[in-house]
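Heads up, the thing below is written out as structure tokens.
The chains referred to below are lettered A, B, ... by the order of the sequence lines, with proteins before strands, and numbering in each begins at 1.
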Amino acid sequence: MSVPRRGGRPLARAFYDRATLDVARDLLGKVLVHRTADGTAAGLIVETEAYVGESDPACHAAPGPTRRNAPLYGEPGHAYVYFTYGMHCLFYAVTERRGFPAAVLVRAIEPIEGEALMRRRRGRPHLAPHDVGRGPGNLARALGITLAENRADLTRAPARGPALWIEDRGTRVGDIGWTARIGIRVGTELAWRCFVVGSRAVSGSRSVASSE
DNA sequence: CGTTCGATGCACT
DNA sequence: GTGCATCGAACGT
């Protein structure tokens, strides 16, 4: 893939207000940025999964609306942060029109900016670069994304102060692979996980990922 | 390389 | 009370 340039602007609402599978694919190569009081950390998105509607048995909206999944039903272009296993936060970008519950889970990033900060947050100074943002729980930890970021508007990046957004820095990714989603017990027949072929930051079994 | 298992908090029924 | 869209340590091959 090409060398990233700096200084993008947040992707517009219209980017997210589309079919979720298209958004999942198009997020590959985009840059997820979180600016906090501790500094700015950013990573290239290399792996995503789509969760689409109440008819998708693996989607958190499958049981219908609840307090917890409410952001899925809201305006596209907002963050949905899911706290799971008592210790991990997962970051999603809400997609499709208001009222239709869908989102893209970001599963892996390659560090681009603030790698020292990301390592500090992970608490593991000796990680290889491709491991810093490998896995959905790990990347949220590295970027400092918590439940405080749930419902954050991803289309706004004010000149200063805390902000969470996704931007295009002109990076072109190579081949894209599609497989079943990881870590779910239902909906495994759907190939709604996509990733950049060859990226060492992609989660899951390395031998499987490299053969796809 | 692979599999198994415990940690840990919260929303939901 | 149950079940997680996870992770990393421990252990087997």
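Ion pair A/Arg120/A/Asp38 not flagged as a salt bridge, since none of the NZ, NE, NH1 or NH2 atoms sits closer than 4.0 Å to an Asp/Glu carboxylate oxygen.
Hydrophobic clustering (side-chain heavy atoms under 4.5 Å, transitive across Ile, Leu, Val, Met, Phe, Trp, Tyr) keeps A/Ile184 apart from A/Trp192. In the hydrophobic clustering of this structure, A/Val196 groups with A/Leu27; members are Ile, Leu, Val, Met, Phe, Trp, Tyr whose side-chain heavy atoms approach within less than 4.5 Å, directly or through other members.
Within residues 75-84 of chain A, the residues approaching DNA chain C are A/Tyr82, A/Thr84, by heavy-atom distance under 4.0 Å. Interface residues of residues 136-146 of chain A facing DNA chain C, ordered by number: A/Pro136, A/Gly137, A/Asn138; criterion, heavy-atom separation under 4.0 Å. Of the residues in residues 96-107 of chain A, those placing a heavy atom less than 4.0 Å from an atom of DNA chain C are A/Leu105, A/Arg107, in numerical order. At a non-hydrogen distance threshold of 4.0 Å, A/Ala58, A/Cys59, A/His60 from residues 54-62 of chain A come into contact with DNA chain C. Sorted by residue number, the members of residues 181-188 of chain A with any non-hydrogen atom under 4.0 Å from DNA chain C read A/Gly183, A/Ile184, A/Arg185.
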Side-chain polar contacts of residues 122-129 of chain A - donor-acceptor pairs under 3.5 angstrom, sequence neighbours left out - could you list them?
{"from": "A/Arg122", "atom 1": "NH1", "to": "A/Asp131", "atom 2": "O", "distance (Å)": "3.1"}
{"from": "A/Arg122", "atom 1": "NH1", "to": "A/Val132", "atom 2": "O", "distance (Å)": "3.0"}
{"from": "A/Arg122", "atom 1": "NH2", "to": "A/Asn138", "atom 2": "OD1", "distance (Å)": "3.3"}

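Base pairing in DNA chain B yields stems of at least 3 consecutive Watson-Crick or G-U pairs, both distances under 3.5 Å, namely B:1-7 with C:6-12, B:9-12 with C:1-4.
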Q: Output, in order, the C-alpha distance, side-chain angles, deciding distance and verdict of side chain to side chain contact (heavy atoms under 4.5 Å, CB included) for A/Val202 and A/Arg193.
A: CA-CA 11 Å; A/Val202 171; A/Arg193 165 180 178 256; 3.3 Å; yes
**Q.** side chain to side chain contact (heavy atoms under 4.5 Å, CB included) evaluation trace for A/Arg9 with A/Trp165
**A.** CA-CA 9 Å; A/Arg9 316 215 180 314; A/Trp165 73 95; over 6 Å; no
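Between A/Leu143 and A/Met118, the closest side-chain pair of non-hydrogen atoms falls below 4.5 Å. Contact check for A/Leu117 versus A/His34: no side-chain heavy atoms found under the 4.5 Å cut-off. Between A/Phe195 and A/Arg107 there is no side-chain heavy-atom pair separated by less than 4.5 Å. Two residues are said to be in side-chain contact when any heavy atoms from C-beta on lie closer than 4.5 Å; A/Leu139 and A/Glu47 fail this criterion. A 4.5 Å side-chain heavy-atom check between A/Pro76 and A/Arg18 finds every atom pair outside the cut-off. Side-chain contact between A/Phe91 and A/Ile109 is absent, with no heavy atoms from C-beta onward closer than 4.5 Å.
When the side chain to side chain donor-acceptor pair (under 3.5 Å) test is applied to A/Asn150, no partner is found at least two apart in sequence or on another chain. Scanning for side chain to side chain donor-acceptor pair (under 3.5 Å) contacts around A/Arg141 gives an empty result, with sequence neighbours left out. Checked against side chain to side chain donor-acceptor pair (under 3.5 Å), A/Thr155 has the following partners two or more places apart in sequence or in another chain: A/Arg13, A/Asp153. Partners of A/Asp17 by salt bridge (Lys or Arg N to Asp or Glu O under 4.0 Å), not counting sequence neighbours: none found.
Atom CG of A/Asn69 is separated from atom P of B/dC12 by 7 Å (rounded to the nearest Å).
Of all heavy-atom pairs spanning A/Val94 and A/Tyr16, the tightest one is O-CB, 3.6 Å.
Without hydrogens or angle criteria, A/Arg121 side chain to A/Ala142 main chain gives a donor-acceptor distance under 3.5 Å. At distances below 3.5 Å, not a single donor-acceptor pair connects side-chain atoms of A/Glu54 with backbone N or O atoms of A/Pro101.
Aromatic ring pairs are classed by plane angle as parallel below 30°, tilted from 30° to 60° and perpendicular above 60°; the pair A/Tyr80 and A/His60 is perpendicular.
Where DNA chain C meets chain A (any atom under 4.0 Å from a heavy atom), the bounding nucleotides read 5' to 3' are C/dC4 to C/dA9.
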